[in-house]
Amino acid sequence: MPPTEPIDQADADQEIITQVLAGSKDAFGVLIQRYSDPLYRHALGMTGSPDVAEDILQASFIKAYQHLSEVRGRFDAWVFRIVANSCKDWLKNIRRTHVSYEEDDQPSSFSTPEEEMDRNELRTDLEYALARLPESLREAFVMKHVEGRSYEEMAVLLETTVGALKMRVHRARESLQALLEEKYA
Amino acid sequence: MTDETPEVPAPEKPIHRKTPIATPLVQAWLDGEESRDHLATADEQETAEFWSKINNEAAQLRRRNTPIHVQSRILNSLTDLPAVPDQLPPAEKKLSTPVMVIGGIVILAIGAALGFMLVR
């Protein structure tokens with residue numbers, strides 16, 4: 001997904017899109033396999049809920065499939081924006097309906113006992129603190145720290161500048177530090 | 001009866017010292033632009049220690065993958081959908097424009113030639 005990635009990845013995606021548009025639904029599975037993990041991590045980081053992240057991922061890929069003929073430029077950036085917008089819509093909706101972050105994040109949604117145990121206290125606190133950040137700061141922090149993307153890659157995906165993103169990440173860090181330091185400093 | 005003994009103020013709770021604000025150097029380290037060795041002050045080291053804990057947790061989140069059943073679920077949901085609208089992808093659209101122009105010119109040329117022959 002980084003902008004420095006070989007151009008042939010975008011060409012390979014375009015080739016698959018051509019196949020899907022020619023009637024091969026199965027070819028779309030290649031795109032799902034290729035991009036679902038980073039997209040899932042983004043949705044999980046933004047919502048904090050595995051259930052919600054799964055639903056957003058499914059809805060986004062269906063939307064991408066239905067609008068595949070409208071892809072302009074890189075497929076990965078296009079489908080990322082669908083997922084990112086879905087996450088923002090979910091966050092707006094959940095604030096409007098006053099459903100708390102914690103209420104929605106049911107531990108039972110973890111599929112294995114190992115996953116359940118993996119959800120330690122710091123993770124819970126980090127997710128809670130992330131939920132208290134404004135969307136744009138949370139998005140920038142999740143992309144940088146959780147997804148491990150470079151600023152250049154983020155700038156391509158979010159269609160903004162590296163400077164603006166650095167500013168958001170720095171502000172997110174300051175806010176998170178203030179929220180978490182009492183317990184973890 | 002009132003107790004006239006002056007009230008002894010409750011001992012103050014020890015205030016938890018907050019971590020120092022991340023300096024530009026710490027931010028640069030977190031951005032991967034500086035080595036941790038360059039963090040010189042005790043405050044910077046303390047902040048770096050705090051962020052190391054957070055980064056370790058973030059790194060674990062980074063290893064989370066899409067549950068297998070989700071990929072299958074998405075693929076299965078596509079089977080209920082109609083095929084994608086039969087529309088040429090952008091690359092083919094771009095290619096078809098010059099072909100159409102050339103085709104138009106050829107047709108015009110043939111028409112002109114036929115007209116010329118008929119007139120003669």
Side-chain angles (χ1 to χ4, degrees), chain A residues 14 17-18 20-23 25-26 28-29 32-33 36-37 39-41 44-45 50 53-54 57-62 65-73 111 115 118 120 122-123 125-127 141-142 144-148 150-151 166 169-170 173-174 176-178 180-185, chain B residues 15-24 26-33 43 45-95:
Chain A
Q14 188 57 53
I17 290 169
T18 305
V20 178
L21 292 174
K25 275 187 186 179
D26 291 345
F28 195 70
I32 294 173
Q33 276 195 325
S36 66
D37 284 344
L39 295 173
Y40 174 73
R41 281 193 283 271
L44 187 58
E54 289 174 14
L57 194 68
Q58 179 171 3
S60 297
F61 270 119
I62 289 172
Y65 175 78
Q66 290 173 320
H67 295 268
L68 204 58
S69 61
E70 296 164 23
V71 177
R72 301 288 180 270
S111 55
E115 279 186 1
D118 197 31
N120 62 27
L122 173 55
R123 180 169 305 176
D125 290 340
L126 177 59
E127 288 176 351
F141 183 88
V142 165
K144 182 68 183 162
H145 282 263
V146 177
E147 298 169 37
S150 69
Y151 281 118
K166 275 193 176 184
V169 171
H170 291 190
R173 285 176 189 150
E174 285 168 13
L176 286 174
Q177 192 174 328
L180 294 169
E181 65 183 357
E182 287 292 332
K183 205 163 167 182
Y184 295 101
Chain B
I15 297 170
H16 193 289
R17 198 171 76 82
K18 293 185 175 182
T19 48
I21 292 171
T23 62
V26 173
Q27 294 278 16
W29 166 65
L30 287 167
D31 286 340
E33 295 165 353
D43 279 357
Q45 286 294 345
E46 188 181 345
T47 310
E49 194 56 39
F50 167 81
W51 276 105
S52 292
K53 290 177 198 165
I54 304 296
N55 280 342
N56 286 342
E57 200 54 46
Q60 286 191 32
L61 287 171
R62 199 177 304 153
R63 287 194 281 274
R64 296 284 290 272
N65 288 330
T66 321
I68 297 294
H69 73 272
V70 177
Q71 291 192 356
S72 309
R73 202 173 77 190
I74 297 169
L75 275 171
N76 289 339
S77 66
L78 295 182
T79 58
D80 301 331
L81 296 173
V84 184
D86 189 15
Q87 201 176 330
L88 289 174
E92 288 186 36
K93 274 184 188 170
K94 282 177 196 162
L95 285 176

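Here is the naming used below: chain letters follow the sequence lines, and residue numbers restart at 1 for every chain.
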Quick one: ring-ring contact (aromatic ring centres under 6.0 Å, His included) partners of A:F141, sequence neighbours excluded? A:H145
Pair A:E127-B:L61, side chain to side chain contact (heavy atoms under 4.5 Å, CB included): steps then yes or no: CA-CA 10 Å; A:E127 288 176 351; B:L61 287 171; 4.0 Å; yes
Go through the atoms of A:Q58 and report whether side chain, backbone, both or neither lie under 4.5 Å from a heavy atom of chain B. both
At a heavy-atom distance under 4.5 Å, which candidate from B:L75, B:V70, B:L78 has the highest pair count against chain A? B:L78
Donor-acceptor pair, distance only, cut-off 3.5 Å: does the side chain of A:Q177 make one with the backbone of B:P20? yes
With a 4.5 angstrom heavy-atom cut-off, is it the side chain or the backbone of A:R41 that approaches chain B, or both, or neither? side chain
Do the side chain of B:T66 and the main chain of A:S36 share a donor and acceptor less than 3.5 angstrom apart? yes
Side chain from CB out, backbone as N, CA, C, O: work out which of these in B:E49 comes under 4.5 Å of a heavy atom of chain A, or both, or neither. neither
By ring-ring contact (aromatic ring centres under 6.0 Å, His included) - contacts of A:Y40 (at least two apart): none
If one checks every heavy atom of B:D31 against chain A at 4.5 Å, the contacting part turns out to be both
